[in-house]
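To start, the structure itself, in structure tokens.
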Amino acid sequence: MKLLGTNTSPYVRKVRLVLLEKNIPHEYLIDAPREPGSHVARVNPLGRIPALILDDETCVYDSPVIAEFADTLNDTPILIPRADVLARMHVRRWEALADGIMDSAVVVRGESMRPADKQDAGNIILHNNAITRALSFAAGQLGQREWCEGSSITLADLALASALIYLNLRQAERDWRGAHPNLAAWFARISARASVRATLAA
Ligand SMILES: N[C@@H](CCC(=O)N[C@@H](CS)C(=O)NCC(=O)O)C(=O)O
């Protein structure tokens with residue numbers, strides 16, 4: 001299978017982390033949807049990345065769908081709990097929280113790319129506030145635990161790591177580590193994983 005994406009997209013990083021943690025063979029192809037010659041719109045009608053193209057040419061899109069599909073391909077490890085419905089809900093909720101941080105950070109980034117007189121200050125504040133609240137909630141939920149949910153790594157950890165890496169990239173001035181030392185300690189641990197390092201390297 002082939003994964004189309006870019007190295008800066010947080011949604012792509014989440015999916016890459018899933019594929020790497022589960023050791024699922026794939027080809028990672030850099031393809032920015034807005035660049036001339038991009039294949040993305042031809043495979044994904046929404047024109048978005050990540051887009052996972054299966055060997056029969058089926059295109060799987062939207063990162064939660066890709067992550068869930070990839071998780072069913074093997075059990076090593078299981079990243080979305082299967083039998084325990086409450087644990088499953090919590091992992092998916094963590095993913096929604098992380099994706100929401102990404103969504104808001106992408107909006108803020110989009111605004112910042114516009115000429116100063118065209119930026120919507122209210123929209124920037126709205127989304128930055130949502131990120132601030134979501135980070136506080138994440139820190140509260142995490143507490144001093146090693147993993148976001150349960151006693152081993154799950155999609156929750158991979159999604160949250162992707163969101164924080166994106167914040168580090170686009171909102172370097174945001175001192176989330178100072179505000180949430182427990183999140184910072186958790187992030188330092190997860191950042192040392194080979195999968196995370198691989199996505200940061202390329
Ligand atoms: N909900 C989607 C969001 C994907 C998304 O918005 N990706 C951005 C890149 S970060 C994109 O492809 N935007 C289209 C563009 O840049 O033209 C997912 O989780 O996969």
Side-chain angles (χ1 to χ4, degrees), residues 1-22 24 26-54 57-73 79-80 88-115 118-120 123-124 126-128 130-131 134-135 138 148 154-172 174 195-196 198-202:
M1 60 181 81
K2 294 179 186 144
L3 178 69
L4 305 189
T6 62
N7 291 340
T8 51
S9 166
Y11 313 98
V12 170
R13 189 181 314 280
K14 179 180 69 175
V15 164
R16 289 187 71 201
L17 290 175
V18 168
L19 295 173
L20 289 166
E21 287 286 343
K22 294 178 73 74
I24 293 170
H26 65 282
E27 197 179 346
Y28 173 52
L29 300 171
I30 303 279
D31 193 329
R34 297 186 196 195
E35 290 293 318
S38 169
H39 286 80
V40 175
R42 272 181 252 161
V43 295
N44 176 359
L46 297 172
R48 292 184 195 156
I49 48 170
L52 184 72
I53 307 171
L54 307 186
E57 302 293 316
T58 301
C59 181
V60 188
Y61 49 84
D62 224 72
S63 62
V65 181
I66 299 174
E68 181 166 38
F69 171 73
D71 195 45
T72 62
L73 298 180
L79 293 172
I80 305 174
R88 183 182 179 85
M89 178 277 287
H90 276 290
V91 167
R92 299 308 303 267
R93 191 176 75 154
W94 271 109
E95 182 186 26
L97 190 76
D99 285 6
I101 293 172
M102 298 174 198
D103 294 344
S104 283
V106 166
V107 170
V108 172
R109 161 81 175 162
E111 288 285 353
S112 74
M113 300 291 283
R114 294 158 66 86
K118 297 261 181 345
Q119 292 181 15
D120 181 342
N123 202 28
I124 293 175
L126 185 86
H127 284 280
N128 271 332
I131 296 170
L135 291 174
C148 289
T154 66
L155 175 62
D157 301 284
L158 303 178
L160 185 60
S162 303
L164 291 174
I165 290 169
Y166 189 68
L167 283 184
N168 290 344
L169 178 71
R170 299 297 191 215
Q171 299 195 0
R174 181 186 279 276
S195 63
V196 178
T199 70
L200 288 172

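All residue numbers refer to positions in the sequence shown, counting from 1. Indexing begins at 1, ligand by ligand and atom by atom, following the structure's order.
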Of all pairs that satisfy side-chain hydrogen bond (donor to acceptor under 3.5 Å, both in side chains), the ones with a partner from residues 101-110, not counting sequence neighbours: Tyr11-Asp103, Ser104-His127
Does any N or O in the side chain of Glu111 come within less than 3.5 Å of the main-chain N or O of Asp120, such that one atom is a donor and the other an acceptor? yes
Within the heavy-atom cut-off of under 4.0 Å, ligand 1 is lined by Ser9, Tyr11, Pro33, Arg34, Gly47, Arg48, Ile49, Pro50, Asp62, Ser63, Pro64
Give me each pair satisfying side-chain hydrogen bond (donor to acceptor under 3.5 Å, both in side chains) with a member in residues 35-54, each pair once, sequence neighbours excluded. Asp31-Ser38
Does Arg16 count as lying over the ring of Tyr28, i.e. NZ or CZ under 6.0 Å from the six-ring centre, within 45 degrees of the axis? yes
Let me have the donor-acceptor pairs involving side chains of residues 58-67, under 3.5 Å, with sequence neighbours excluded, atom names and distances please.
| unit_1 | atom_1 | unit_2 | atom_2 | d |
| --- | --- | --- | --- | --- |
| Thr58 | OG1 | Asp56 | OD1 | 2.7 |
| Thr58 | OG1 | Asp56 | OD2 | 3.2 |
| Ser63 | OG | Lys14 | NZ | 2.8 |

Give a yes or no answer on whether the side chain of Arg174 reaches the backbone of Asn128 with a donor-acceptor pair at less than 3.5 Å. yes
